[in-house]
Each structure stands twice: as C-alpha cells, then as structure tokens.
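Here the structure is laid out as structure tokens; the discussion comes afterwards.
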Number of protein chains: 2
Amino acid sequence: MLKEERQHAIVNEVELHNRVLLTDLAEKLDVSIDTVRRDVKELDAENLLVKVHGGAVSLGFANHSPQRSNVYAQDKKMVIAKKAMTLLKMNSVILIDGGTTCLELARLLPQNIKLTCFTLSLPVAMELLGKPNIETIFIGGTLSRDSQISMGSSAIHALSQIKVDYSFIGTGYVDVEFGLTEFDWDIVQTKKAVINASKKTVLLSISEKLGSQHRFKTCDLNVINTMVTELEPWDEKLDAFKKLNIHIL
Amino acid sequence: MLKEERQHAIVNEVELHNRVLLTDLAEKLDVSIDTVRRDVKELDAENLLVKVHGGAVSLGFANHSPQRSNVYAQDKKMVIAKKAMTLLKMNSVILIDGGTTCLELARLLPQNIKLTCFTLSLPVAMELLGKPNIETIFIGGTLSRDSQISMGSSAIHALSQIKVDYSFIGTGYVDVEFGLTEFDWDIVQTKKAVINASKKTVLLSISEKLGSQHRFKTCDLNVINTMVTELEPWDEKLDAFKKLNIHIL
DNA sequence: ATAATTGTTGCAGTTTAATGCGGTTTATTA
DNA sequence: TAATAAACCGCATTAAACTGCAACAATTAT
C-alpha cells in the first residue's frame, strides 16, 4: 500500500469517526504503530487532522470553541420554544420556570401577546420585562447562585398561593421509567411546588435528555400534560412517552 | 478512550444538564475522580465550563454578565456606595433597594463579605449573585417594568414578614421639610414597607436631589437614621439635615 | 546492469505524557 | 467547632511518543 493512499485512508477514518486510535489504525492498515504515528504527525502538520496523545481527532472535534454560541444547542431550544408558544392563549396566566430552554421561550414571546406571567427565574423575569403586554410577577425566595432562581420555603409557600393555567418547566433529567429527576434536592422541592401550582404542566426538554436520570425525583411522567422536544412528533424516541398519554408537540 | 474524547463528553454533559458532579462523571466515563478533576481543571482554563467545588457548571449557567450601563453621575454614586459600605458589619442582615445608587452599592460589595441580603430589585439581585459569600433573598411581587423592582401587595406582605438590621434605600426626591417623596404611589407604598421592615434605614442620595420634592410622600426625614451623599460631612448643604438628628456620612 | 542515493519502514531503547493511588491540606456542612 | 467531603500534591505505573539505526525498496546515475 502506498504511503499516500494510507494517509488518505487515515484522514477518511478520522473525518468519519471524529476520533481514532493509533493502535486501531495500525491494525487496520497493517503497518507498525510507528508508521501510523509518522503519518499522523505529517497529516497534523498539514492541518488535515489534529494529533493527540494516543490517536487523532478531526478538526471540527478539536476546534471546540473559537466563538461558540452562548447557549448549548440553542437552535434546538428555539425550536422547542416556538412549538411551546402554540399552546399560549391570550390573557392566560402562565408560569415560566428557569433554565435555558424556558429562557428561550420567554425571549421569543411576541411583543403583542397579553399574558400574566409568574416566574422564579431572574433571567426570565428580565426578559419578560421587555415585553410591554406581559404582567410579570416574581416568586420571591432564596436565590440559587448557579441556577438564578428562587428556591426554599418562601418560594414554595408563595407558589402554594397561586394556580396558573399553564406552567412551562424544564428538567435536568427525564426518563420514561424514572420520570423527571434532578441533581439537587432543593430544585426538586421547588419544581414540585410549581407543578402543584399549575392546572396543566408542560415539559420543555431537548431530546438528548430523554433516557437520563439522577438521584432526586421531581415527579412521574404522568403528571406532565404536554411534552415539547425538538423532535418531530412521530419520532420513535417519543413512542414510549406517547403510551403514557402525554401530549407530544 | 482518548483524553480529548472524554473532555468532549464532559463539556457535553455539563452543557446538557447545566451542572454535574465530578463523582458522577468519573463513574459515567469510567476513570478515576482525579482524572476527571484534571480534565475539568483544563476545561475550566479553556473557558469551556466553570469548575465549582464538587463539580462543574456550564458557562451560560454561571455567567452573571454584570453589564455596566451608563449610569448618570456614576462616580458620585460610587463615592456614596463606598461610604455606605462602612456601615456594614459581618454577618448582618440587610436590604438593598432598587435604583442606580443602590445597585452601585451591590456592585461594590467585596467578594469576601458575609451577609444575608434581601432585595426587591432584579439588577441588584443579579449583582449579588456574583458575590460568593452573600445569601440573597428576593422579595417577590409584581414587577415594575421601568424600575425593575417588586411592588404591589404581595411584595408588601413579604416585607411585613421580615426585619433586617439595615436597609439601604434610594428616593426620587428628598427635602428637609417634605421628607422623601416620589412620583409614583406604588413605589411609595413599597418603600414604606421596606422602612417598616428595617431596624435602621440608610438613605443613599446624590446631593442634587436635596431640596427636591414630588407629589407622594414616603416618609418624613426623622425615620431616616443615616444619610449618605457624595458631599463631605461638613458641607453646608447638609446642615439642615444634621439638625434633624440624622447621622451624616 | 549495477552501484549509489534516497525514502520508507520496523525495531530497540529512551523520554515523556497520562493516569490512579495514598497521604495531606483545604473547604463545606451540621 | 468537629466531622466530612473535596481538592491538592507527589509518586509509581503504564502506555504512548520520540530517537537513532539498520534493513530494504525504489529511483537515479554511471
């Protein structure tokens, strides 16, 4: 096998799988590991891939972030937010949870929509204040430093005093069997209170979270009325959720 | 598994769930906790996530972007804020009102000061979340679009439940004879409740406001314990206030 | 045709990077 | 303030990377 040919094969392999081990390449191409190493070194010098300890990764994989967007998977979250907006009726009373997906919803709410909107999230509240026709009510409480939402007993108490038409919530983890779970007990307590304060609960979650779980449980999936993901409603990943009688958007 | 691959997975996990524990990562990726710790340290150095005790949080989650807007007379307000800070004792419970001067106070609070801090103002709350040793409690309520603070009956009710050591308040107008006045009735109501919730009340005001008045009265000057302006304490403009037995800073 | 030259490859020995482990220090929580 | 968990540090182990060298193939010059 020609050297050129072999190097071409290496680049192909890297582009295909994003990452590759030198040992695998050596075996596959039936040359010594040193040869592969030399090849990869050359290809790295030509900027066709990035050599790393033990293997090589594709350029896209390595160039993690020259200028990545602020929010992870923002495009997907935008899709979710737009779908969720179709549930909104004029003059209804809703609650918007924290998290980047819910924040995206708040951001995309049209200027002319008339709503009464509760929230526990500082960033969401900021966003809502920019909408002239939305009355915003902040649920007070002890603020969590990293999630920037109200938590604790006073938030839970405040939530016990209200009943909104729809609440839009996010979750850390969601699984057909284990339901909605979180990494933090306080957040679970707060989310429970949110769900109790809602006639209908809408879960916003990107599909990557489906099938993940953590230690503290917020609720079973059957208390969720509607689930919104970025997937098409007929996607097979959603089949299990449909069986639970959850409305999928 | 390649190191790069693993780090990629870590960033992904963090972005997806906003916060992760090192122990969970170690288990999931099947490496020792030290390796995960080293990875997270590197990724933190590359600004791909933020390392915290016990885990990591995503950038979007942790970044309280303290946007510095152009504030009128900011230098004077900074002087006021710095003076006001001399009143703060460790571990005390305070309340910070809305307004740009109070916001400046929140901004200038040192990273190491330990406080429990109530506020009704969204921008102040945002700022306080950036201070690691301050417990921030937000007083919920209907948010005012232009002042970005909680108002209305629920805010007033929440205030009636607390008693802080010091409250730092601003005012629209202040005059020796007419006391503190505002152009908005709701704000007056809220400020009254703030003053009632405080053992001691500190008024922060730039000297330009001295001798001005408006239609709704918050309180007389005698309920103010301390007044902070950018002027030197012996400035003659303050003489009238000294006669009212107000402590001048 | 054959020797000389050049380039490629594999191997052995050495160097460096990555990882896990134990002990210590530091931070957090009750 | 004590108990606990996490972070840190240094070290040992292992795997990978590098270096020099010899073998061999391909190319070129004589």
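Here is how names work: the chains are called A, B, and so on, in the same order as the sequence lines, proteins then strands, and each is numbered from 1. Predicted model, so just to flag it, every value in this text is computed and none were measured.
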Please check: side-chain N/O of Arg38(B) versus main-chain N/O of Ile33(B), any donor-acceptor pairing under 3.5 Å?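 Absent.
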Give a yes or no on whether the backbone of Phe168(B) and the side-chain of Asp97(B) come within a donor-acceptor separation of less than 3.5 Å.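 Not at all, since once roles are kept as given, no pair shorter than 3.5 Å links the two residues.
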Strictly under 3.5 Å: I want the nitrogen or oxygen pairs between protein and nucleotides 4-8 of chain D, one per line.
unit_1	atom_1	unit_2	atom_2	d
dA6(D)	O3'	Gly54(B)	N	3.1
dA7(D)	OP1	Val52(B)	O	3.3
dA7(D)	OP1	Gly54(B)	N	2.4
dA7(D)	OP2	Arg37(B)	NE	3.1
dA7(D)	OP2	Arg37(B)	NH2	2.7

Given side chains that start at C-beta, do those of Phe61(A) and His8(B) come closer than 4.5 Å, heavy atoms only?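 They are in contact (side-chain heavy atoms under 4.5 Å apart), so the answer is yes.
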Could you tell me if the side chain of Arg6(B) sits less than 4.5 Å from the side chain of Asp39(B), heavy atoms only?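 They are in contact (side-chain heavy atoms under 4.5 Å apart), so the answer is yes.
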Could you please spell out the steps behind the ring pair (Phe, Tyr, Trp, His ring centres under 6.0 Å) verdict for His17(B) and Phe183(A)? CA-CA 9 Å; His17(B) 296 121; Phe183(A) 137 110; 9.8 Å; no
Donor-acceptor side-chain pairing of Tyr72(A) and Asn12(B) below 3.5 angstrom: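 Result is yes, a qualifying pair exists.
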Rounded to the nearest Å, what distance is computed from the CG atom of residue Leu2(B) to the C1' atom of nucleotide dA17(D)?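 Leu2(B) atom CG is separated from dA17(D) atom C1' by 14 Å.
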Atom CZ of Arg38(B) and atom P of dG10(D): how far apart are they, to the nearest Å?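 It is 12 Å, rounded to the nearest whole Å.
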Throw together a table of side-chain donor-acceptor distances under 3.5 angstrom for residues 149-156 of chain B, partners on residues two or more places apart or in other chains.
unit_1	atom_1	unit_2	atom_2	d
Ser150(B)	OG	Ile139(B)	O	2.7
Ser150(B)	OG	Gly141(B)	N	3.2

What do you reckon, is NZ of Lys82(B) surrounded by more than 12 foreign heavy atoms closer than 6.0 Å?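 Open: at most 12 neighbouring heavy atoms sit under 6.0 Å from NZ of Lys82(B).
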Using chain B heavy atoms and a threshold of under 4.0 Å, write down where along DNA chain C the contacts begin and end, 5' to 3'.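 Contacts span dA18(C) to dT28(C), reading 5' to 3'.
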Considering heavy-atom distances to DNA chain C, does Thr35(B) or Ser32(A) have its closest nucleotide positioned more toward the 5' end?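 Nearest nucleotide further toward 5': that of Ser32(A).
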